[in-house]
There are 2 protein chains.
Amino acid sequence: MKYGRTFNFSAGPAMMPEEVLEEIAAEVMNYRGSGMSVMEMSHRSKVYQEIIDQAEADLRSLMGIPENYKVLFIQGGGTVQFAMVAMNLLKDGVACYVETGAWSKKAIAEAKKFGDVKVVASSKDENFSYVPDCSDLDIPENCDYVYICENETINGTTFNKLPNAKGKVLISDQSSMFLSRPCNVSDYGLIWAGVQKNVGPAGMSVVIIREDLLNDNLAPTTPVYLDYKTHADSGSMYNTPNCWAIYCCGKVFAYLLKNGGLSAMEQRNIEKAAILYDYLDASKLFTATVRKEDRSLMNVPFVTPSAEQDADVVKATKTAGFDNLKGHKSVGGLRASIYNAMPKEGVEALVAFLKQYEAEHC
Amino acid sequence: MKYGRTFNFSAGPAMMPEEVLEEIAAEVMNYRGSGMSVMEMSHRSKVYQEIIDQAEADLRSLMGIPENYKVLFIQGGGTVQFAMVAMNLLKDGVACYVETGAWSKKAIAEAKKFGDVKVVASSKDENFSYVPDCSDLDIPENCDYVYICENETINGTTFNKLPNAKGKVLISDQSSMFLSRPCNVSDYGLIWAGVQKNVGPAGMSVVIIREDLLNDNLAPTTPVYLDYKTHADSGSMYNTPNCWAIYCCGKVFAYLLKNGGLSAMEQRNIEKAAILYDYLDASKLFTATVRKEDRSLMNVPFVTPSAEQDADVVKATKTAGFDNLKGHKSVGGLRASIYNAMPKEGVEALVAFLKQYEAEHC
């Protein structure tokens, strides 16, 4: 790769498109004749307003976001969204959560602070290696929303079919699969995504919320920052936003539009993931840990027969110039995160390396 | 200036040192042979851990932060800190606030959601153009803390003498004067600062908190992100932090250390501000709006006799290549923000311009 760059398989923050980084590097000292870096711009200036407006317009175009949905840029990542979802949308009823791994568990724990929570399905029985059947969930009449983590980064599962929410509001954490495939926004009441996995630098979530879900009757102890209406009513400018992340993400949105949009990304992601999964399924040393029908195109966890060998492979990949292949500390093994910005050549090079390792060690 | 850069008098986000921006630009594609941009790095990687550790160490060195204080990097800016301060430190007692302008008013409004709040001094009677006498405040015995906004960005006032908190915990919002002069951290229980004014890009606050103030008994409805202990116990790494802002701020901390530290900054800031205030005090057209003894070295508001003429001057500065001199919408007039990174030449050029404007219009 150019600039001595490495194939970085980090689960997030993660690779960004090289072309986008080149544009950013060229604009650090002086953004397009403005006389200043984007980092130095008043967020109330005309030049910055154009940046945020364009970012939102490009995202709307990419995802086909209907007009009755607001797009919000909010600081704080998933930990803040876990709380905001419940503080804003869990009223006097019950929040129904599907438990598919570490991130839905964190969302459940946080929501319990704010009201009744029911786990309506779980894949805990098989170490979160599949997505439970959600075609006929036991959803009570007073359910305020049904919540899923649509792609579990750590466990490597993806919902390939959305739950039947039985007319209730569906909420999805799309962090680690955001913009990886087309998305029918109207299927959801709210989508949120930490941008540091498949889009840009850490420090922000994108929230897409149906306008009628903005709530005027929050608990009086709700911080103004944690009220979705605060951000919706001010175009994400109630306070100084993470201007830099919005700028960088905007560049990625424009790059995706220029390169065929989400259908093209999905096609590319299917091809890339197949290279890796096909090898793992044929391998005598490595095993992909997730049921075939629920496998993520973004996060591919796999193991050898022992923790010792796992560690040896991780070490060998590092020596060979691949980065961040160690599985999450809570599950062990290996994990290759292959988001939109990971080139096909990166996956091919990894598979070639794993093949050689297998040949040498089996 | 180099790169066609302009003198940017924005109140924040604001100018950063040119040398720091040059380093950042050079490292966007590949940070020091790591093979990746800082925006792409796993926050759990060794290379990133070194960046955050160095940033904290340099800040500790700059400010002489005692060992019994934690340094936290938290997303969300002032709006989040207004809530966190009260949610973490307002217990069964009373929080005492000094009201000196727009930002202390916002802090007061947010704190009222979480307990009893008492305004113990105010400069509202003269449109926040001075700092009230805080040598003998009426602080009740059950006071949990005394809170000040040490530099009011919009109104242009600074506390040049800290309040007598009568043994209670002093909390300071230092956002718009952070690192502009030496600071005796031991005088405070907690200092926080949004970094987008005098340090780096928007999207983060630095919080310096005395360890014994970390609270184990928060209300059960406190989001985990808004608990200072969450961040203190995890080295600001409970979740993915704003990695980019920490990296950029770290560079500014190193730059300040290299250039004489906070004493040198204070000397430079006194000289820079004097150039502007001396001219304003001698001018027949312009008037500085703040009492001499309470004037900020960072934010210098001034007016002409009429709103029309104010607008005309703002327009003329813009044409002449100066940026962001319009006063905040809530107070009008003009405002020159001259943080650490504003070169002396910028202030000299502004004064030369204002002199010429005055000569032509009076």
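Naming convention: chains lettered A, B, ... in sequence-line order (proteins, then strands); numbering from 1 in each chain.
Of the two parts of B:M204, only the backbone, made up of N, CA, C and O, holds a non-hydrogen atom closer than 4.5 Å to a non-hydrogen atom of chain A. Residue B:A25 touches chain A through both its backbone and its side chain, counting heavy-atom pairs closer than 4.5 Å. For B:M41, the part lying under 4.5 angstrom from a heavy atom of chain A is the backbone only. The contact between B:A83 and chain A is made entirely by side chain atoms (from C-beta outward), counting heavy-atom distances below 4.5 Å. For B:I74, no part lies under 4.5 angstrom from a heavy atom of chain A.
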Between chain A and chain B, are any donor-acceptor pairs under 3.5 Å, and how far apart is each one to 0.1 Å?
residue: A:Y3; atom: O; partner: B:N30; partner atom: ND2; Å: 2.7
residue: A:G4; atom: O; partner: B:N30; partner atom: ND2; Å: 3.3
residue: A:R5; atom: NH1; partner: B:M29; partner atom: O; Å: 2.9
residue: A:R5; atom: NH1; partner: B:E40; partner atom: OE1; Å: 2.9
residue: A:R5; atom: NH2; partner: B:E40; partner atom: OE1; Å: 3.3
residue: A:R5; atom: NH2; partner: B:E40; partner atom: OE2; Å: 2.7
residue: A:T6; atom: N; partner: B:G35; partner atom: O; Å: 3.0
residue: A:N8; atom: ND2; partner: B:E40; partner atom: O; Å: 3.0
residue: A:M16; atom: N; partner: B:E40; partner atom: OE2; Å: 2.8
residue: A:M29; atom: O; partner: B:R5; partner atom: NH1; Å: 2.8
residue: A:N30; atom: ND2; partner: B:Y3; partner atom: O; Å: 2.7
residue: A:N30; atom: ND2; partner: B:G4; partner atom: O; Å: 3.3
residue: A:G35; atom: O; partner: B:T6; partner atom: N; Å: 3.0
residue: A:E40; atom: O; partner: B:N8; partner atom: ND2; Å: 3.0
residue: A:E40; atom: OE1; partner: B:R5; partner atom: NH1; Å: 2.9
residue: A:E40; atom: OE1; partner: B:R5; partner atom: NH2; Å: 3.2
residue: A:E40; atom: OE2; partner: B:R5; partner atom: NH2; Å: 2.7
residue: A:E40; atom: OE2; partner: B:M16; partner atom: N; Å: 2.8
residue: A:Q75; atom: OE1; partner: B:G76; partner atom: N; Å: 2.9
residue: A:G76; atom: N; partner: B:Q75; partner atom: OE1; Å: 2.8
residue: A:G76; atom: O; partner: B:N239; partner atom: ND2; Å: 3.4
residue: A:E110; atom: OE2; partner: B:V224; partner atom: N; Å: 2.8
residue: A:K113; atom: NZ; partner: B:T222; partner atom: O; Å: 2.8
residue: A:T222; atom: O; partner: B:K113; partner atom: NZ; Å: 2.8
residue: A:V224; atom: N; partner: B:E110; partner atom: OE2; Å: 2.8
residue: A:N239; atom: ND2; partner: B:G76; partner atom: O; Å: 3.4

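Interface summary for chain A: among B:P13, B:A11, B:G12, the most heavy-atom pairs under 4.5 angstrom belong to B:P13. With chain B as the partner, the residue from A:M87, A:M84, A:M16 showing the most heavy-atom pairs under 4.5 Å is A:M16. Comparing B:V80, B:V38, B:V28, B:L226 by heavy-atom pairs within less than 4.5 Å of chain A, the highest count is held by B:V28. Contact tally against chain B (heavy-atom pairs below 4.5 Å) for A:G35, A:G77, A:G33: the top residue is A:G35.
Side chains of A:F82 and B:P223 form no contact here, defined as non-hydrogen atoms less than 4.5 Å apart.
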